[in-house]
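Throughout, protein chains are lettered first and strands after them, A, B, ... in sequence-line order, and every chain is numbered starting at 1.
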Amino acid sequence: MSADRVRALFAVLLLVPVAVVVALMGRALSAGGLTGAEVALLGLYGILLAWIGSGFWFCLFGLFGGRGGSAAAAAPDDDDRFGPSLTAIVIPVFHEDPETVFARIRVMYESLERTGRINSFEIFVLSDSRDPAFWREESRAWFAACLELHAFHRLFYRRRADNHARKSGNIEEFCRNWGGRYDYMIVLDADSLMAGETMVEMVRRMEADPRLGLLQTSPVCVRGRSLFARIQQFAGSVYGELLTRGLSRFLGQHGTYWGHNAIIRMRAFVRCCALPPLPGREPLGGLIMSHDFVEAALLLGAGWRVRFDADLGGSFEEGPPSLIDHAARDRRWCQGNLQHGYLLFAKGLHPMSRLNFLAGIMSYGSGPLWLAFMILALAMALESGGADLALMWRAERPLLVGVLGFTGLLLFGTKLASLAYALGDAHRRRLFGGGARLVLGVVLESLFSILIAPVMMALHTRFVVAVLAGRNSGWGPQRRDAGQVRWRDALRAHGGETLLGLCLVAFLLAELPALLWWMLPVIAGLVLSVPVSVLSGRAGPGAAARKLGLFLVPAEVAPPAELRAFDRAMRRGVPAPGNGERGTHPLPRPLHLLAPPSLTVSSPDRPAADGEIPAWLQRQRNAG
Amino acid sequence: MRSAPLARAARTTKGQHRLGADGTGQASGRRKAPADTLPPDFLLVVWAGAPAGGLAEERVPAGGQAEGDADPPAGWRPHGWEETPDRAPLRMEARPFETITWRDILEHVAGWLRARLDVAVEWMVRARIDA
């Protein structure tokens with residue numbers, strides 16, 4: 001079925017039931033005439049129902065639509081389709097742990113070597129680090145990696161002196177100065193890991209379709225240590241396969257870009273994806289923060305295809321270790337997505353791009369909408385003097401039960417369908433630790449998501465209000481490792497939510513005690529936000545869950561070679577150059593001589609009277 | 001003060017500056033850099049001091065770099081850059097977004113209606129001819 005037909009079918013399946021349910025609710029409420037508040041309530045309910053319904057229908061499309069994948073994909077190991085192209089693998093970093101970054105690079109380099117295609121790839125670490133300590137360590141780690149891999153001619157490091165426009169500017173600077181050498185560019189984050197075979201296959205698929213501008217993979221979250229990270233990666237693994245398959249079918253050739261674990265045609269990117277600042281002042285104007293969606297939209301607008309191939313495995317990333325880190329990342333993404341509101345009305349963009357922007361806005365806009373819905377419903381209940389729910393809503397009880405049941409189906413149908421899919425195959429069950437553990441994991445994950453949903457609602461409302469009030473989020477470095485989430489940090493982060501929950505309890509006890517049990521999931525999530533955040537953000541509960549065999553994912557039960565190699569490297573610790581392998585002295589701190597004029601030369605450590613240069617440079621000098 | 005060879009490497013061939021407002025655009029051909037030539041130019045790491053071990057045997061004193069001699073001259077490329085023309089800088093031009101106006105919407109709707117009208121007229125003419 002073509003993507004257009006899939007979208008048409010999706011629209012019908014999504015909107016018709018929602019419209020019917022909202023109409024029935026409206027008819028029930030209109031017995032005494034519809035008030036303004038009731039109209040608003042119905043409108044909010046319809047929007048929220050459509051939003052949660054979209055995930056449900058993506059899941060069903062993924063379940064019944066087959067594995068999908070690209071019709072234009074080259075056959076495996078099709079040497080004729082892998083031409084003499086050159087691909088740059090770019091890894092922008094900003095105050096990341098250099099040892100971990102280069103440990104991943106070593107794994108990917110060796111994985112590419114095993115494919116026999118290493119000559120078609122070159123790797124760039126593009127640093128925007130400001131702190132000289134990071135900069136020095138990055139260079140040392142680069143040098144050590146080049147020594148170990150004999151990769152001076154294939155693994156490169158560049159630090160920008162001026163990190164204008166952050167990540168998008170970092171990549172743009174690379175493209176401008178060195179992009180002419182490359183046909184394609186694979187963009188990775190500092191925590192990304194990709195199998196060599198996957199990268200080779202991505203290049204093959206680009207070569208098979210000359211109109212393909214960008215190919216996005218579906219990275220799987222791995223290596224979560226904290227309970228929060230383990231639950232998130234479990235949810236991603238269990239529900240993600242069907243969701244991403246359905247999304248891939250829906251998007252077709254008009255997909256989007258998530259900023260990493262994707263391959264881009266250099267020529268298309270250079271021609272189309274230079275980003276202007278948005279009009280107005282930050283946070284809604286100025287530098288485009290969520291640049292990935294916009295770059296995909298510009299490619300689509302210029303006639304290139306943008307595809308999301310959910311069937312490509314071997315693509316991994318790591319998620320935030322705690323609810324607080326997750327919220328910090330969301331704050332940035334919320335601002336970036338709200339900026340896209342301007343682009344909804346920009347000329348030259350494909351309608352699917354506008355839909356992607358709208359979906360991105362709704363990812364955070366749904367929080368305040370849900371809060372508004374709850375406030376309206378409580379206000380109406382208060383006005384009616386409330387005894388039981390049906391009376392308060394002036395609706396028939398069977399209808400109310402039907403509406404709630406339909407809402408529950410949309411909310412939990414994705415989980416049930418994904419669970420049934422995973423249970424339906426013995427191999428898949430084994431990959432999640434067995435059927436019983438899988439079911440228990442889904443139940444516990446569902447309880448956890450019910451607990452944190454009201455917290456995210458409150459946080460997203462706070463973020464949206466902050467952005468609209470003109471407060472900039474900034475872009476600090478992301479914390480990736482599970483550590484101690486301190487009680488005072490959690491109190492500072494979630495004190496507002498806790499207070500909101502306690503106020504809600506007090507209000508309900510005083511005015512609407514009958515609603516207390518109905519609101520219990522919301523109250524529990526808000527009031528318990530601090531302990532949930534602390535306990536889920538620590539490695540200890542995560543390790544305990546792992547020991548009990550809970551929240552196991554395929555990447556743990558049957559880890560691919562790249563993950564095993566990376567885990568070994570992290571357990572072993574990356575050898576410091578010069579420590580027992582290359583002599584007895586540690587490498588000295590470097591003087592950096594950075595070449596292109598766009599970079600400044602800086603020398604945090606002045607050399608001794610006689611500096612030294614590697615032999616290859618000396619050979620070049622002598623040849624000149 | 002830079003040594004003479006390094007200073008020579010720090011200048012482009014006379015008068016040639018690869019960067020500038022009028023970038024040269026994407027080169028049509030590409031040559032792969034042989035494995036033992038200079039890697040892309042954006043990082044030369046000069047290590048101060050001399051560790052023991054195999055690498056130290058290859059090291060050659062370069063004369064160091066003077067205090068304050070921090071920035072290379074504009075258009076600087078290391079020795080060997082000109083031999084690989086595929087590394088010419090590319091131009092990426094950002095164009096400001098334009099917002100859809102009411103006029104655009106009306107023109108779009110008018111165009112759509114005109115297309116439908118053309119189809120309807122064609123159908124009517126064909127029907128009359130058939131009749």
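- For the atom pair CG (B/Asp104) and CZ (A/Phe345), the distance works out to 13.0 Å, reported to the nearest 0.5 Å.
- Taking CG from A/Leu278 and CZ from B/Phe97, the interatomic distance works out to 6.5 Å, rounded to the nearest 0.5 Å.
- Looking at A/Tyr342, the atoms closer than 4.5 Å to chain B (heavy atoms on both sides) all sit in the side chain, from C-beta outward.
- With a 6.0 Å radius and a threshold of 12 heavy atoms from other residues, nucleotides or ligands, B/Arg116 has its CZ atom above the threshold.
- When all heavy atoms are compared, the tightest approach of B/Thr99 to A/Lys347 is O-CE, 3.6 Å.
- Of all the heavy atoms in A/Pro276 and B/Ala94, the pair that sits closest is N-CB, 3.6 Å.
- Taking CE from B/Met92 and CD from A/Glu173, the interatomic distance works out to 11.0 Å, rounded to the nearest 0.5 Å.
- Using a 4.5 Å cut-off between heavy atoms, B/Glu98 touches chain A through backbone and side chain atoms alike.
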